[in-house]
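Before any comments, here is the structure.
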Protein chains: 2
Amino acid sequence: MRKDINISEVAKKAGVSIATVSRVFNNSGPVKESTRKAIQKIIEETGYLPNVLARELAEKRTNLVGMIVHNLSGEGMSRAIEGVNRVLDSNSYSLLMTCSNGSLESERKHFELLRLKRVDGIIFATRSFKEEHKDMIEKLPVPVVVMLQNTENAGVPFVAFANTAFAKGATQKLIELGHREVAFLGGPEDSVNANERKRGFIEALEDAGIAVEEDFICHGNYHIESGYEQMKTILKRKKIFTAVVAVNDGMAIGALNCLQDHDVKVPEEVSVLGLDDTVLAKASRLKLSGVHYSYNDLGFEAAQMLLKQMQSEVYDFEKKVLPYEIHLRESVQARTHYKN
Amino acid sequence: MRKDINISEVAKKAGVSIATVSRVFNNSGPVKESTRKAIQKIIEETGYLPNVLARELAEKRTNLVGMIVHNLSGEGMSRAIEGVNRVLDSNSYSLLMTCSNGSLESERKHFELLRLKRVDGIIFATRSFKEEHKDMIEKLPVPVVVMLQNTENAGVPFVAFANTAFAKGATQKLIELGHREVAFLGGPEDSVNANERKRGFIEALEDAGIAVEEDFICHGNYHIESGYEQMKTILKRKKIFTAVVAVNDGMAIGALNCLQDHDVKVPEEVSVLGLDDTVLAKASRLKLSGVHYSYNDLGFEAAQMLLKQMQSEVYDFEKKVLPYEIHLRESVQARTHYKN
DNA sequence: TAATAGAATGTAAAGCTTTACATTTAGCGC
DNA sequence: GCGCTAAATGTAAAGCTTTACATTCTATTA
């Protein structure tokens, strides 16, 4: 298409050197007022825009932040990206987005791509953080902030949710309400986040001196159908329970539907709580209880932390665990005498 | 961090010129086998990676595709981005993502940013396509594909859903089932997509010779609460209707909850259909009827089209309207005699 | 053996900016 | 009017690659 005008053409038209034009454009040095005016006029007339590639080459920075995400399904990650974008936008950075689909090999490829593209920093959202990831990160010439995983042990900066803490807190609320036989619908057994939540659940029981029954613990895949199935499995065991904690809203909704289909009254007979607060929580007529935490803030904080690291010479360890709120709604009530 | 090695250092070590190294690295010219081997060895030893910035400067292309999206809430857009990513990934392009938050001014800013960043093409997802957008696009030196809006009139290439068609089709299904008093819960009045769906609804009625009653048409904001409110408004009018078409799943779920709360039996008394098929459709015990269309495909097709445009010299108009499927599930049944 | 085609390799320009350093200009005090 | 300082401007290198064109081989054919 139409040929771009470059700095030397502007300089020629203005009868000055390119250095002076550069100084005017970037306001990076003393220029006589009359010269400045003249150059600005030419810039405007010609619509001159510097070639960012050349500039980046000279400056050795791209004002680009890379982001590696396993996938985008689920509303959480999108919100996080919005949060990231908000920060980058107001700091003149742009976002290079990639989906890794979770495999280690693919993640390695994406780290290399971002390195090649010379991004100035990387936000890395992974399902589970491995030793190999640490190696990848250490090889990079730019800072990396991990999102959604607690990488304290690895010494890698991160922003994450307090999975164990809020799972424990929510379970404790149920215990406070008199529940002692509580079932847990967990996530995939190899998911770090799901296991952290499960741990919180177990800790709450243990702290209260309640024995943890394996019969009350199941694992699913986060989906509604899976919640339904796992709930059914537990129901079949015919052991009495008065509350269910689900690792996320999908499983909670599945459980809710399953209970209702089996004529178990919620919340009169069984309370249901999802460790989540997505749009699904609002979908059922019976308002689902859950834990609220902001993915938007997650992204926001991660981007903030990254920019900070990018500005400092040394990438020192830093961490941020986000706050949460437990919302008890219609799906939870105090334990009443259980009618068998 | 550690200094990168550049092509001339590799050349020096190998005792050849940089041109030869470039030829080996890019496999872009004849090189004697022994020389090639030697250079490849040095490349491996030194871990040489070309400076992409310099390369892009020389090649005048960035292998970058920009994407402007109003926002990322809702699962649709994320899926679309995944689809885009899938195509770009396998074609060695990367994605520069920006959220415009919908304002025209912001969109203009983002177009400029992408132009500055010298992306090779742009995918533009907007809520409503205006004359100004066309101007912005025509000024750009790279092709643009619009996503989610039918821009046939403007002559701008696009990939979109057949809003009017599937809304009409779904409504016709209801009519075939004997429904004649059908309510419509629409989206925001300034949303092009929402209005296209409304038009399809109206066309179906008109084609069947059914008068369109304003009392049966409401507008909301896509959310569950809004669907609930609008449904209530219509219920209050005390006119008999036997089916409801909602502009999306959120409104449909809201309507469903509202009807049930008012002791209206679904589907026995009123059928409910959402012009959507998100995760929400699976959340209720009563399986919601709807229209299925794939956002992932939307992104996929948009990216494909863009790449094609990028490869051809002239950017000729092209369009793609995606297929859809109407799924009648539990929430819809044939009209039976209406008990008053 | 010389000519010649074709392969292999090298040279240098083009792509465009930033910036350290060099040079020139202007202004001020004496 | 001279000298000095500070401001204004210019020069050229550095950042690194690709590639058109030039040159130098190598091998084949006459």
Side-chain angles (χ1 to χ4, degrees), chain A residues 1-40 42-43 46-64 92 115-120 141-142, chain B residues 1-40 42-43 46-64 92 115-120 141-142:
Chain A
M1 299 277 102
R2 88 150 184 268
K3 206 191 156 305
D4 283 329
I5 189 170
N6 63 25
I7 197 172
S8 48
E9 286 176 61
V10 173
K12 189 147 35 129
K13 273 188 214 280
V16 296
S17 75
I18 56 170
T20 305
V21 177
S22 175
R23 275 188 279 260
V24 169
F25 199 90
N26 302 306
N27 205 17
S28 60
V31 179
K32 214 205 305 184
E33 201 45 37
S34 60
T35 323
R36 155 165 283 123
K37 283 263 166 60
I39 293 175
Q40 272 167 345
I42 307 250
I43 286 177
T46 56
Y48 164 71
L49 285 177
N51 184 320
V52 176
L53 255 26
R55 170 187 276 184
E56 290 171 347
L57 181 59
E59 283 183 340
K60 297 186 188 179
R61 56 204 296 270
T62 54
N63 280 303
L64 230 47
S92 304
R115 152 122 212 242
L116 220 58
K117 284 286 184 185
R118 286 185 142 65
V119 298
D120 297 334
V142 294
Chain B
M1 297 276 107
R2 85 149 184 271
K3 205 190 156 306
D4 282 329
I5 190 170
N6 64 21
I7 197 171
S8 48
E9 286 177 61
V10 173
K12 188 144 42 125
K13 271 188 216 279
V16 296
S17 74
I18 56 169
T20 305
V21 177
S22 176
R23 275 188 278 260
V24 169
F25 199 91
N26 302 306
N27 206 17
S28 61
V31 179
K32 212 202 309 181
E33 200 47 35
S34 58
T35 323
R36 157 166 281 123
K37 283 264 167 58
I39 293 175
Q40 270 166 345
I42 307 250
I43 287 178
T46 56
Y48 165 70
L49 286 177
N51 184 320
V52 176
L53 254 27
R55 170 186 279 182
E56 290 171 349
L57 180 60
E59 283 183 341
K60 297 187 189 181
R61 56 204 296 268
T62 54
N63 280 301
L64 231 45
S92 304
R115 153 124 211 242
L116 219 59
K117 284 284 182 185
R118 288 186 137 66
V119 298
D120 297 334
V142 294

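Chain naming here is simple, since letters A, B, ... match the order of the sequence lines and numbering starts at 1 in each. No hydrogens, no waters, no symmetry mates; every other heavy atom, side chains included, goes into these values.
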Dump every N/O contact between nucleotides 22-24 of chain C and the protein below 3.5 Å, one line per pair.
none

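In this structure, the CG atom of A:L57 is 17 Å from the P atom of C:dA14, given to the nearest Å. Computed from coordinates, the A:R23 CZ to D:dA8 P distance equals 10 Å when rounded to whole Å. The distance from atom CZ of A:R55 to atom C1' of C:dT19 is 13 Å, rounded to the nearest whole Å. Between the P atom of D:dG15 and the CZ atom of A:R61 lies a distance of 18 Å, rounded to the nearest Å. Per the geometry, CD belonging to B:E56 stands 17 Å off C1' belonging to C:dA14, to the nearest Å. Rounded to an integer number of Å, the gap from A:N6 CG to C:dT18 P is 12 Å. Spacing between atom CZ of A:F25 and atom C1' of C:dC16 amounts to 13 Å, rounded to whole angstrom units. Whole-Å rounding puts the B:E59 CD to C:dA13 P distance at 21 Å.
In this structure, A:N51 does not reach the C:dT17 phosphate: none of its side-chain N or O atoms is under 4.0 Å from OP1 or OP2. For B:T20, a side-chain nitrogen or oxygen approaches OP1 or OP2 of C:dG10 to under 4.0 Å. A:Y48 has a side-chain polar atom (N or O) that falls below the 4.0 Å cut-off from OP1 or OP2 of C:dT17. For the pair B:T35 and C:dA8, the criterion of a side-chain N or O lying under 4.0 Å from OP1 or OP2 is not met. An OP1 or OP2 oxygen of D:dT17 is reached within less than 4.0 angstrom by no side-chain nitrogen or oxygen of B:S22.
A heavy-atom distance below 4.5 Å is found between the side chains of B:Q40 and B:V24. Considering only heavy atoms from C-beta on, B:T35 comes within 4.5 Å of B:I39 through its side chain. You'll find the side chain of B:K117 reaches within 4.5 Å of the side chain of A:L64, heavy atoms only. The shortest side-chain heavy-atom distance between A:R55 and A:F25 falls under the 4.5 Å cut-off. Inter-residue side-chain proximity for B:R61 and B:N63 is flagged as met; some heavy-atom pair is nearer than 4.5 Å. The side-chain heavy atoms of B:N51 and B:N6, taken from C-beta on, include no pair separated by under 4.5 Å. Considering only heavy atoms from C-beta on, B:I7 comes within 4.5 Å of B:S22 through its side chain.
Between A:A58 and B:G15, the residue whose closest nucleotide on DNA chain C is further toward the 5' end is B:G15. Looking at which nucleotide of DNA chain C each of A:S8 and B:S17 is closest to, the 5′-most match is held by B:S17.
Within residues 26-34 of chain A, the residues having any heavy atom closer than 4.0 Å to DNA chain C are, in order of number, A:N26.
Considering only the side chain of B:A54, D:dT17 comes nearest among D:dT17, D:dT19, C:dT18.
Smallest separation of non-hydrogen atoms from B:R23 and B:G29: CD-CA, 3.8 Å.
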Legend entry - From CA spacing to verdict: side chain to side chain contact (heavy atoms under 4.5 Å, CB included), B:T46, B:K13: CA-CA 10 Å; B:T46 56; B:K13 271 188 216 279; 3.8 Å; yes
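Checking B:N27 against B:R36 by side-chain atom types alone, a donor-acceptor pair falls below 3.5 Å.
Using a 4.0 Å heavy-atom cutoff across all strands shown, B:V16 reaches sugar-phosphate atoms only and no base atom. Nucleic acid contact class of A:L53 (heavy atoms, under 4.0 Å, all strands): none.
Distance CD1/A:I42 to NZ/A:K12: 12.0 Å, rounded to 0.5 Å. A distance of 7.0 Å separates OH of A:Y48 from CD1 of A:I43, quoted to the nearest 0.5 Å.
Comment: A:R118 does not engage B:E56 in a salt bridge, judged by the lack of any side-chain N to carboxylate O separation of less than 4.0 angstrom.
Bending across the helix from C:dT1-D:dA30 to C:dC30-D:dG1, expressed as the angle between its end axes from five pairs apiece, amounts to 60° (10° rounding).
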